[in-house]
There are 4 protein chains.
Amino acid sequence: MTVHSATERSDRSDKRERILLAAERIFARHGFFAARVSEIAKEAGVADGTIYLYFKSKDDLLISLFEQRMKQVNEALRTAIAGVPPKDQLRAFIKAYLKLVHDEPGAAEVLTIELRQSSKFMKEYDNPQFVDFLRMLGGILAAGQQRGELDDTIPAHVAARMIFGMIDELALAWVLARQPSISTGTPGTRPKKFDIVRAADWVVALVTHGLQLKEKSP
Amino acid sequence: MTVHSATERSDRSDKRERILLAAERIFARHGFFAARVSEIAKEAGVADGTIYLYFKSKDDLLISLFEQRMKQVNEALRTAIAGVPPKDQLRAFIKAYLKLVHDEPGAAEVLTIELRQSSKFMKEYDNPQFVDFLRMLGGILAAGQQRGELDDTIPAHVAARMIFGMIDELALAWVLARQPSISTGTPGTRPKKFDIVRAADWVVALVTHGLQLKEKSP
Amino acid sequence: MTVHSATERSDRSDKRERILLAAERIFARHGFFAARVSEIAKEAGVADGTIYLYFKSKDDLLISLFEQRMKQVNEALRTAIAGVPPKDQLRAFIKAYLKLVHDEPGAAEVLTIELRQSSKFMKEYDNPQFVDFLRMLGGILAAGQQRGELDDTIPAHVAARMIFGMIDELALAWVLARQPSISTGTPGTRPKKFDIVRAADWVVALVTHGLQLKEKSP
Amino acid sequence: MTVHSATERSDRSDKRERILLAAERIFARHGFFAARVSEIAKEAGVADGTIYLYFKSKDDLLISLFEQRMKQVNEALRTAIAGVPPKDQLRAFIKAYLKLVHDEPGAAEVLTIELRQSSKFMKEYDNPQFVDFLRMLGGILAAGQQRGELDDTIPAHVAARMIFGMIDELALAWVLARQPSISTGTPGTRPKKFDIVRAADWVVALVTHGLQLKEKSP
DNA sequence: GATGAATGAGGCTTCATTCAT
DNA sequence: GATGAATGAAGCCTCATTCAT
């Protein structure tokens, strides 16, 4: 849907978007540091210099890409939980997130992997969209705690991070499992492919009931 | 304990270890890509070329560092769960892992952040120590499932990944929160510092019982 | 008088002049090489491409600017010595030149500094206006020599260059001294500001009588 | 004497000097801005990167070159006036300077032309060696004024600048006249070649007695 | 004539790696 | 084994110039 052919030149004025799309692909292919600006330009069908009409630097390109995609994710999540009864919002949130990963693996790759490639990004860049994401999730949990539905032993913002960790790791495992293995290494070490959408139910189950079976009452 | 002074020159033949230690510090400080081999050499108190007597390349240095540290982690975890009753091993495993993060933040930073900085590392390198880690955790879960103590709806290896995601994310949040914030940005966006060791209990609680309160029986 | 507002857009067809004016300001501000064509365009209130309707290249812009200003200088000098008794022309010439520097420091900066920034300009460009300048000055000197008023030991064209060197250096020192010192360096190294118009008398004095006091006769 | 062959590779440890020599030649050939670092490296017989072991940047190379050469000039001038009776020092100074220009035209070219190519250099860099030069010359003049031998109407530091302007302009004219004319322009516009050493006498004559002939007393 | 988005050649600089000592 | 000066490939980015509108 949002993926354009690299050679498409019809629309103008969407050059910025074309560059972002190209960057997403190239970053996913090689990683941020190994990605070459000139290769992104070629993939976008523009001259090298053109990129610098829309972005200040390669770093800015990564940050802009991340912000745009994360913003889209946040919007989709907000839509997904709108109109859903509060007690079902957590499930809706998690399912929607993993559905997005499934539908837009390129974007997911940027969010799970490239995001962590730039120390600058990790250590110096305050990340409003990610904060927004955590606040949304934390808000759902806090509301549940206030309604007395959720255990409030764990601070909502910590629980939010734990849940993010779970689904982010699943997304990462799934995205990497999709890669045709380049390595000549021993087979079997790569995570087995699994159904990321179905995994949403597992996450919800773990988060709601935990793993421990109730002791069977007599 | 394992931290040597950079200027220590006493023992010879431990040069390899000195270099790994220096690399850990420098990688933690700047990230893998921004780290300079010459800076690692200086920190280790050796000449640039000496590093290449012990490691094939900068990449090899990262991988060796990761493997060594992860191996130590795995050994520590194995020790931590040895002699512990099966039903308590999951708790012991999680607590031990987060305790290690707390005691060796430098190593934790390498494991949580730098690990993801090299695409090579993420995509091309089959990672025996990480596989070992996941197998150990998965084994604990599978055993619990077989004993009928744990819900076996979720495949053990997926549950292991989810749990790893949780504790890795907590470790990451905690490690980053330790950084003196360089940015002049708006305060409050940086994750609040929390007690990583105490957080172990939260993780165990979430994993065992989940968040949902039992419906109050009348 | 010759300085137009950068935003002035009234007269059309004087675009060429507006561009020259803008170039003068920007060259004076940053130097020829550091000056950006796009900045000149902005200062002139025209599009980048428009400059190329009036000038072949950035080099051509510098040369055109120099020629135009030098031509104006030569015209002003010719006017200044017209009708002046031959024996007073040298004095009139020098005073007029330094008066121009004082009144049009922007133009002076182009003539004294930027002129030397382009190797092309210095080495490959035959400079008719500068030749004209030297001929005018040399002519005054040669006439004085022929009238027997001036020492003819020194070839007139060499003397002309020496005099030009003197007043050009004074102009340069004066122009640079006008700059608000950006450097935080030790004070006192920047040339002290002096009265460039009054300095004309010193030049005339040096050129006519030299520095050496006549030996007092008993 | 100080000019080494570009291909000479015998001496090591004089690499820094070889690079300076190469830079002098290349700057003289193309000008600072048009000079390519890689061409300097080739001329010096070193790799591109080697230059950056000895100089921080291309700018630093120009500044270092200027400082070193100007320092040599100042030392030579100090030697030239040492032991000379005060009243003859001005003559000795001027003659020595123009002799240096004659003997080291490459260095002269850097001092007269390239020096002015970098705005940075002209406007932001406080130039201790040039200040030293002017102080030496100003000191000679001031001493003469105090001894009552020289006219003190003109401030010594202004007179020093005027004299510098004269000899610098002569040096420039002479250096440029040496160039094989690349231009296809009209002949005759290039300054005629003259004897720069002999011109020293003219400068001294002008500075001491001026151009004006004493009116013949009856 | 005027525009300004787009171009793309090319430079300065970095830094992992080598190798003569 | 150890050194560290030297290498040189290669990338990010700039900016004068063009040309379709």
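Nothing here was measured: the structure is a model prediction, and the numbers come from that model. A, B, ... follow the sequence lines: proteins, then strands. Residue 1 opens every chain.
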CA sep, side-chain torsions, deciding dist, call: D:Asp48, D:Ile40, side chain to side chain contact (heavy atoms under 4.5 Å, CB included): CA-CA 8 Å; D:Asp48 292 18; D:Ile40 294 172; over 6 Å; no
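Under the rule for a side chain to side chain contact (heavy atoms under 4.5 Å, CB included), the partners of B:Lys71 that lie at least two apart in sequence or sit in another chain are B:Glu75, B:Gln129. Remark: A:Phe130 engages A:Phe164 in a ring-ring contact (aromatic ring centres under 6.0 Å, His included) (not counting sequence neighbours). Checked against side chain to side chain contact (heavy atoms under 4.5 Å, CB included), B:Tyr52 has the following partners two or more places apart in sequence or in another chain: B:Val37.
Residues A:Ala107 and A:Arg69 approach most closely at CB-CD, 3.9 Å, considering heavy atoms. Residues C:Phe55 and C:Asp60 approach most closely at CA-OD2, 3.5 Å, considering heavy atoms. Nearest heavy atoms, D:Lys15 versus D:Tyr54: CB-OH, 3.7 Å.
When rounded to the nearest whole Å, the span between NE2 of A:His30 and P of F:dA10 equals 15 Å. Rounded to an integer number of Å, the gap from CD of B:Glu39 to C1' of F:dG4 is 17 Å. In this structure, CZ of C:Arg16 is placed 13 Å from P of E:dG1, rounded to the nearest angstrom. Following rounding to the nearest Å, A:Leu61 (CG) and F:dC13 (P) show an atom-to-atom distance of 10 Å. What separates NZ of B:Lys42 from P of F:dA5 is a distance of 13 Å, to the nearest Å. Rounded to whole angstrom, the span from the CG atom of A:Asp60 across to the P atom of F:dC12 amounts to 14 Å. Taking atom CG of C:Leu62 as the reference point, atom C1' of F:dA16 lies 15 Å away to the nearest angstrom. Between C:Ile26 atom CD1 and F:dA16 atom P there is a gap of 12 Å when expressed in whole angstrom units.
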query: For nucleotides 8-15 of chain E, read 5' to 3', which letter fits each nucleotide if B means a protein heavy atom sits under 4.0 Å from the base, S means only the sugar-phosphate is that close, and - means neither?
result: B--SSBBS
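Within the structure, side chain to side chain donor-acceptor pair (under 3.5 Å) contacts touching residues 32-41 of chain D (residues at least two apart or in different chains) are D:His30-D:Glu39.
For B:Lys15, a side-chain nitrogen or oxygen approaches OP1 or OP2 of F:dA2 to under 4.0 Å.
Judged by distance alone, the side chain of B:Lys58 and the main-chain N or O of B:Phe32 form a donor-acceptor pair under 3.5 Å.
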message: Expected output check: what is the dot-bracket annotation of DNA chain E, where ( ) and [ ] are pairs inside the strand (brackets for crossing ones), | is paired with another strand, and pairs are Watson-Crick or G-U under 3.5 Å?
response: .||||||||||||||||||||
